[in-house]
Amino acid sequence: MQGKKNIAAGFLFLAGFMIYGFILIYLRDFAPGKEAWIADYAVGRHFESRLAHVHGNLFAFINIVVGYLLLRLPIGSASAKGISWLTLAGMLMPLGILSEVVFGLPPALVLVGGLSMVAAMIWFGVVAARL
């Protein structure tokens, strides 16, 4: 049954990015040099870090919802499988943002993840409209 892996991955991803949120709170409020971190609130690594946190939690939640709906709606097997995998691949976007911040990697994962999530949402929208 398609959807179970989206729900499981979504909750685990959500937990991971919630923990990452606590790290961001530490950097803002308690870490040595927190003033520099606060001063760069809207630019550079700080901004990218917040983007990763927000998109990680959003895409985790989207996976949970998509997984639940795939289990409940009468969607064909091929569409359900494609939507499921594209939605999972969408989680590469926040991982890509984080890998840019931490490792200085190029934004390839950001593009792959973003395009996957958009494609999944379009596909799911079309399938849902046909129900």
Side-chain angles (χ1 to χ4, degrees):
M1 294 196 317
Q2 296 300 327
K4 285 184 179 183
K5 63 182 164 283
N6 295 83
I7 294 171
F11 276 116
L12 292 171
F13 210 70
L14 185 61
F17 274 92
M18 291 171 102
I19 291 168
Y20 181 58
F22 291 124
I23 293 168
L24 292 176
I25 290 169
Y26 168 78
L27 291 171
R28 184 194 68 203
D29 294 334
F30 305 108
K34 67 181 181 182
E35 295 78 14
W37 184 255
I38 293 168
D40 290 336
Y41 181 77
V43 295
R45 292 175 57 124
H46 187 133
F47 179 71
E48 296 289 327
S49 298
R50 289 185 3 259
L51 277 179
H53 171 64
V54 169
H55 283 85
N57 286 308
L58 172 63
F59 285 14
F61 183 70
I62 288 172
N63 264 277
I64 294 165
V65 171
V66 165
Y68 178 78
L69 292 174
L70 288 175
L71 289 170
R72 297 290 179 230
L73 296 176
I75 295 172
S77 177
S79 287
K81 187 174 184 177
I83 291 165
S84 173
W85 280 108
L86 282 172
T87 308
L88 287 167
M91 293 194 294
L92 291 172
M93 182 185 180
L95 291 176
I97 297 169
L98 195 56
S99 69
E100 283 183 76
V101 171
V102 175
F103 304 115
L105 296 178
L109 292 177
V110 176
L111 297 173
V112 170
L115 291 173
S116 295
M117 189 61 82
V118 170
M121 296 303 99
I122 291 170
W123 192 351
F124 208 163
V126 169
V127 168
R130 292 182 179 168
L131 291 177

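We're numbering straight along the sequence, starting at 1. Every value quoted in this text rests on a predicted model; they were computed, and no experiment measured them. Heavy atoms only: backbone and side chains are in, while hydrogens, waters and symmetry mates are out.
Among residues at least two apart or in separate chains, there is no side-chain hydrogen bond (donor to acceptor under 3.5 Å, both in side chains) pair with a member in residues 92-112. Sequence neighbours left out, not one pair with a member in residues 71-130 passes ring pair (Phe, Tyr, Trp, His ring centres under 6.0 Å).
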Tell me which donor-acceptor pairs under 3.5 Å the side chains of residues 8-26 have, and how far apart each pair is, sequence neighbours excluded?
from: Y20; atom 1: OH; to: S49; atom 2: OG; distance (Å): 3.4

Anything under 3.5 Å between a donor and an acceptor, one on a side chain of residues 58-71, the other on a protein residue two or more places apart or in another chain? List them.
from: N63; atom 1: OD1; to: N6; atom 2: ND2; distance (Å): 2.8
from: N63; atom 1: ND2; to: F59; atom 2: O; distance (Å): 3.1
from: N63; atom 1: ND2; to: T87; atom 2: O; distance (Å): 3.1

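Grouping the Ile, Leu, Val, Met, Phe, Trp and Tyr side chains by contacts below 4.5 angstrom, directly or via other members, places L95 with F47. Follow the hydrophobic side-chain contacts under 4.5 Å out from V102 and you reach L27 in the same cluster. Hydrophobic clustering (ILVMFWY, side-chain heavy atoms < 4.5 Å, transitive): M121 and L131 are in one cluster.
Summarising the geometry, atom CG belonging to L73 is positioned 12.0 Å from atom OG belonging to S79; distances are rounded to the nearest 0.5 Å. Rounding to the nearest 0.5 Å places NZ of K34 at 6.0 Å from CD1 of I38. Considering CZ of R50 and NE2 of H46, their distance stands at 4.5 Å, rounded to 0.5 Å.
Shown here are the side-chain hydrogen bond (donor to acceptor under 3.5 Å, both in side chains) partners of K5, two or more places apart in sequence or in another chain: Q2. Taking the ring-ring contact (aromatic ring centres under 6.0 Å, His included) definition, one finds that H53 meets it with nothing, sequence neighbours left out. Residues forming a side chain to side chain contact (heavy atoms under 4.5 Å, CB included) with V112 (at least two apart in sequence, or on another chain): L92, S116.
Summarising the geometry of P94 relative to A52, their closest heavy-atom pair is CB-O, 3.7 Å, with the distance given to 0.1 Å. Across all non-hydrogen atoms, the minimal contact from V110 to G96 is CG2-C, 3.5 Å.
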Exercise for the section: Report the C-alpha distance between E48 and L51 in whole Å, list the side-chain angles of each, state the deciding distance to 0.1 Å, and finish with yes or no for side chain to side chain contact (heavy atoms under 4.5 Å, CB included). Expected result: CA-CA 5 Å; E48 296 289 327; L51 277 179; 4.2 Å; yes
